[in-house]
Amino acid sequence: MEHSKSYDRHILITGGAGFIGSHVVRLFVNQYPNYQIVNLDNLTYAGNLENITDIETADNYTFEKGDITDLSFIQTLFQKYSFDSVIHLAAESHVDRSITEPLEFIKTNVLGTATLLQVAKETWKNDWNGKLFYHVSTDEVYGSLSLGKDMFTEETAYDPRSPYSASKASSDHFVRAYSHTYKMPIVLSNCSNNYGSYQFPEKLIPLFINNILHEKPLPVYGAGLNVRDWLWVEDHAKAIDVIFHKGRLGETYNIGGHNEWQNIALIRLLCRLMDEKLKRDNGSSEKLITYVKDRAGHDLRYAIDASKLEKELGWKPSLQFEEGLSKTIDWYLENTKWLENVTSGNYQKYYEAQYQNR
Ligand code: NAD
Ligand code: DAU
C-alpha cells in the first residue's frame, strides 16, 4: 500500500507521538500531500497516539510502532519504505527523569540516534544525492548561562550538565561525526523550551495548569529564580519545516523566541490567567505555590540567539508569549479529557484499540 502512489519524498519522522513530534507530523502530513510520512514511535509513557488522531487516516501517513535502538527493525523499516530523509525527534526528554534513570537516556538518545545514523548510512550506501538526516536537539547542550545578556549562539562550546543534556550532546556529536567522516548530508537544530498543546504534564507549564485545575500544590524548585527561554511549539514545528527545506547542509540552527522568563514570574502570570479563566478569586492559584528542594544540578539560565535562522532562512516566531500562554491554557481547559487520559494512563490503551489488529 505504501508504494501505490508515487511520492516526491519518503520521510521517516521519529517520536511523532510525542509533544513536538506530533506537531511536526501534523504540519508535514497536512502541508505536503506529496510526501509520504512514516511516524516511528515506541509509545513510551510520553508517546500518545491521541495527540494525532486528526491525521491518522490521511493517505500520506503511516504509523509504525518500534524502537529506534532496535537495529534489525530499523533496517527492515528503511527497506520497506525507501526513506530519503529522516527527521529525528524520538528521545527521552525530561531532565528530572534523566537524574533518576540516566541509562535510559543514554540508550535511547545516544544508541538510538547512532542506530538510525548507521542504518541510514548502510541503506543509502554513501549515495547522498537527495538524502537528509535532520536531528532535532536542544539548547541545553550549551550548558548554563549566568544572569545577564549573554545568549547561546551556534558557536557556543558544548557544556552539557545533566544526563539528559549530556545524552543529547553526544547524539549531536554522532550526527556531526557522520557528516564529517562519511559526508552524510545532515542538519541540526537546537531549540529552547517549548510550550503548547499536547505537552505531557510532567513539564512545568502543563503540570502547573493541571495542578491548578485540581487545586494541587505547585512545586517550585529552589527559589524559582531560574530562567528559561520559551517558544510556542507550533513555531518550532514551522522552523523545522523551514530548516528541512532550506537549511544549508552540515549547518546548525538555533531556534528560540527571544522570550526569557524567570520561573516564578512565569508561574505568577500563569496563576493570574488561570484565576481569570476559571473565574476563581484573584490570588487563589498563587496560594498553591510551594517551594520545594531544588533540582540537582539545576541550570540557572538558558537564552537562545536565533538570529542565524532569522537572517538566513527568514523564520521568526509568530506568537507573543502572553498570547501563546493564554491559547495554551485554553487548549488544556478545552481538552480536560486528554489530560485525564494522560494522567490516568488510559491513553496507552488507544494503540491497542486503533492499531493492533490492522
Ligand atoms: P516527548 O518526550 O514529548 O516525546 C518523545 C517521543 O519519543 C515520545 O513519543 C516517545 O514515545 C518517543 N520515544 C522515546 N523513546 C523511543 C524509542 N526508543 N524509540 C522510538 N520512539 C521513542 O519529547 P518532546 O518534548 O516532544 O521532544 C522531542 C525532541 O525535541 C527531543 O529530541 C527533545 O530532546 C527535543 N527538544 C525538546 C524541547 C522541549 O522543550 N520539549 C526543546 C528542544 C528540543
Ligand atoms: O531548553 C530545552 C529543554 O526544555 C528541552 O530540551 C527539554 O526536553 C525540556 O524538558 C525542557 O527542559 P527544562 O528542564 O527546562 O523544562 P521543565 O519544564 O522540566 O522545567 C522548566 C523550569 O521549571 C526549570 O527551571 C525547572 C522548573 N520546574 C520544573 C518542574 C517540572 C519547577 O520549578 N517545578 C517543576 O515541577
Side-chain angles (χ1 to χ4, degrees), residues 13-25 39-49 51-52 64-70 73-74 87-99 104-105 107-109 111-113 115-116 135-142 144 152 160 162 164-165 167-168 171-172 189-196 198-208 211 217-231 233 236-237 240 254-256 261-264 266-267 289-295 298-304 348 351:
I13 300 184
T14 69
F19 164 50
I20 301 170
S22 64
H23 287 279
V24 174
V25 164
N39 174 11
L40 166 64
D41 199 296
N42 203 22
L43 301 181
T44 67
Y45 81 94
N48 180 358
L49 289 174
N51 295 357
I52 34 174
E64 290 277 358
K65 184 177 186 307
D67 191 331
I68 55 167
T69 67
D70 183 341
F73 172 75
I74 300 295
I87 305 177
H88 175 37
L89 296 107
E92 288 293 338
S93 69
H94 192 42
V95 174
D96 291 326
R97 287 179 191 257
S98 84
I99 294 167
E104 281 299 308
F105 283 67
K107 183 171 179 232
T108 298
N109 300 358
L111 182 62
T113 303
T115 303
L116 289 167
H135 187 223
V136 175
S137 192
T138 171
D139 61 356
E140 298 197 12
V141 297
Y142 298 123
S144 179
F152 298 133
S162 72
Y164 164 67
S165 54
S167 68
K168 290 296 290 187
S171 60
D172 287 4
S189 54
N190 296 84
C191 188
S192 62
N193 284 64
N194 283 217
Y195 70 96
Y198 301 110
Q199 187 169 31
F200 195 85
E202 63 184 350
K203 308 279 166 51
L204 180 74
I205 290 179
L207 175 73
F208 279 32
N211 284 12
L218 307 177
V220 177
Y221 297 163
L225 301 180
N226 304 64
V227 174
R228 295 293 181 266
D229 186 355
W230 294 91
L231 179 69
V233 64
H236 187 186
I240 289 172
N254 278 354
I255 311 175
W261 282 78
Q262 200 174 49
N263 289 343
I264 194 64
L266 187 159
I267 291 161
I289 290 176
T290 310
Y291 291 92
V292 298
K293 189 164 174 271
D294 208 354
R295 172 185 279 173
H298 197 172
D299 287 341
L300 179 61
R301 174 175 166 254
Y302 306 138
I304 273 282
Q348 285 164 326
Y351 172 69

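These numbers were taken from a predicted model, which means no experiment stands behind them. Just so you know, ligand 1 is whichever comes first in the structure, and atom 1 is the first atom listed for that ligand.
- Near His298, meaning under 4.0 Å from any of its heavy atoms, are these atoms of ligand 2: 24 (C), 25 (O), 26 (C).
- Below 4.0 Å from some heavy atom of Lys168 lie the following atoms of ligand 1, by number and element: 31 (C), 32 (O), 33 (C), 34 (O).
- Given atom 11 (C) of ligand 2, the protein heavy atom at minimum distance is Asn193 ND2, 3.4 Å.
- Under 4.0 angstrom from ligand 1, the non-hydrogen atoms of Asp41 come from both its backbone and its side chain.
- Remark: the backbone N or O of Asp299 is paired with a side-chain donor or acceptor of Asn226 at under 3.5 angstrom.
- The distance from the CD atom of Glu104 to the OG atom of Ser167 is 11.0 Å, given to the nearest 0.5 Å.
- Residue-to-ligand polar distances place Thr138 within reach of ligand 2: an N/O pair is separated by less than 3.5 Å.
- Taking atom 19 (O) of ligand 2 as the reference point, the nearest protein heavy-atom neighbour is Arg295 NH2, 2.9 Å.
- Residue Leu89 has at least one heavy-atom neighbour below 4.0 Å for each of these atoms of ligand 1: 28 (C), 29 (C), 31 (C), 32 (O).
- Residue-to-ligand polar distances keep Glu92 apart from ligand 1: every N/O pair is separated by 3.5 Å or more.
- At a 4.0 Å heavy-atom cut-off, ligand 1 touches Tyr164 through the side chain alone.
- Rounded to the nearest 0.5 Å, atoms CD (Glu202) and CZ (Phe19) are 11.0 Å apart.
- Interface atoms of ligand 2 facing Pro219, defined by a heavy-atom separation under 4.0 Å, are 32 (C), 33 (O), 34 (N), 35 (C), 36 (O).
- Ligand 1 has no N or O atom lying under 3.5 Å from any N or O atom of Cys191, backbone or side chain.
- Panel note: side chain Asn194, backbone Ser192; a donor-acceptor pair is recorded below 3.5 Å.
- At under 3.5 Å, not a single nitrogen or oxygen of Phe208, backbone or side chain, sits near a nitrogen or oxygen of ligand 2.
- Counting only heavy atoms of the protein, atom 3 (C) of ligand 2 lies nearest to Glu140 OE2, 2.9 Å.
- Residue Ser192 places a heavy atom less than 4.0 Å from ligand 1.
- Atoms of ligand 2 lying under 4.0 Å from any heavy atom of Asp139, numbered from 1 in the order shown and given with element: 1 (O), 2 (C).
- Atom 33 (O) of ligand 2 has as its closest protein heavy atom Tyr221 N, 2.9 Å.
- The main-chain N or O of Tyr164 is found under 3.5 Å from a side-chain atom of Ser98 such that the two form a donor-acceptor pair.
- The N/O atoms of Trp230, backbone and side chain alike, include none that comes under 3.5 Å of an N/O atom in ligand 2.
- Side chain of Ser144 to backbone of Leu300: a donor-acceptor contact under 3.5 angstrom is found.
- Between the side chain of Asp41 and the main chain of Gly47, no donor-acceptor pair closer than 3.5 Å is present.
- Within the 4.0 Å heavy-atom criterion, the part of Leu43 lying near ligand 1 is the backbone and not the side chain.
- At least one donor-acceptor pair closer than 3.5 Å links the side chain of Asp229 to the backbone N or O of Ile304.
- For atom 27 (O) of ligand 1, the closest heavy atom belonging to the protein is Ile20 CD1, 3.8 Å.
- An N or O contact shorter than 3.5 Å is missing between Glu202 and ligand 2 by distance.
- Of the N or O atoms in Gly18, one or more lie within a sub-3.5 Å distance of an N or O in ligand 1.
- Asn190 places no side-chain N or O within 3.5 Å of a backbone atom of Asn254 that could act as its donor or acceptor partner.
- The shell of residues lying under 4.0 angstrom from ligand 1, judged by heavy atoms, excludes Thr69.
- Contacts with ligand 1 closer than 4.0 Å are made by no heavy atom of His94, backbone or side chain.
- Taking every non-hydrogen atom of Val220 and a distance limit under 4.0 Å, the qualifying atoms of ligand 2 come out as 33 (O).
- For the atom pair Leu49 CG and Leu43 CG, the distance stands at 5.0 Å (nearest 0.5 Å).
- Taking distance alone, with nitrogen or oxygen atoms compared against 3.5 Å, Cys191 stays at or beyond that limit from ligand 2.
- Side-chain atoms of Thr14 come within 3.5 Å of backbone atoms of Leu89 as a donor-acceptor pair (strictly under, hydrogens ignored).
- For the atom pair CG of Asp139 and OG of Ser165, the computed distance is 9.5 Å after rounding to the nearest 0.5 Å.
- In this structure, the separation between CZ on Arg301 and CG on Leu225 is 13.5 Å, given to the nearest 0.5 Å.
- By the 3.5 Å distance cut-off applied to N or O atoms, Thr138 is not counted among the residues near ligand 1.
- Below 4.0 Å from some heavy atom of Leu207 lie the following atoms of ligand 2, by number and element: 36 (O).
- Taking only non-hydrogen atoms, the option from Thr108, Asn109, Val233, Thr14 nearest to atom 15 (N) of ligand 1 is Thr108.
- No hydrogens or angles considered: a donor-acceptor pair under 3.5 Å links the side chains of Arg97 and Tyr45.
- Near His94, meaning under 4.0 Å from one of its heavy atoms, ligand 2 places the atoms 19 (O).
- The proximity of Ser165 to ligand 2, defined as any non-hydrogen pair under 4.0 Å, does not occur for either the backbone or the side chain.
- Any N or O atom pair closer than 3.5 Å counts here, and Leu40 shares no such pair with ligand 1.
- The N/O atoms of Asn48, backbone and side chain alike, include none that comes under 3.5 Å of an N/O atom in ligand 1.
- Ser93 O, 3.4 Å is the protein heavy atom nearest to atom 7 (C) of ligand 2.
- Note: an N/O pair closer than 3.5 Å links Thr44 and ligand 1 by distance alone.
- Against a heavy-atom cut-off of under 4.0 Å, Tyr164 is close to the following atoms of ligand 2: 5 (C), 6 (O), 7 (C), 8 (O).
- Among protein heavy atoms, atom 1 (P) of ligand 1 sits closest to Ser93 OG, 3.5 Å.
- In this model, no donor atom of one side chain and acceptor atom of the other lie less than 3.5 Å apart for Thr44 and Asn42.
- Few gaps surround NZ on Lys203; more than 12 heavy atoms of other groups in view lie less than 6.0 Å from it.
- Proximity to Asn193 (heavy-atom distance under 4.0 Å) selects the following atoms of ligand 1: 40 (O).
- The closest protein non-hydrogen atom to atom 18 (N) of ligand 1 is Asp67 OD1, 2.9 Å.
- Residue Asn42 has at least one N or O atom closer than 3.5 Å to an N or O atom of ligand 1.
- Taking CD1 of Ile267 as the start and CD1 of Ile289 as the end, the distance is 6.0 Å to the nearest 0.5 Å.
- Not close to ligand 1: Gly112, with no non-hydrogen atom less than 4.0 angstrom away.
- Between the side chains of Asp96 and Tyr221, at least one donor N or O lies within less than 3.5 Å of an accepting N or O.
- When the heavy-atom distances from atom 23 (O) of ligand 2 to Val227, Asn263, Leu225 are ranked, the shortest goes to Asn263.
- Residue-ligand proximity: Ser137 is placed with a non-hydrogen atom under 4.0 Å from ligand 1.
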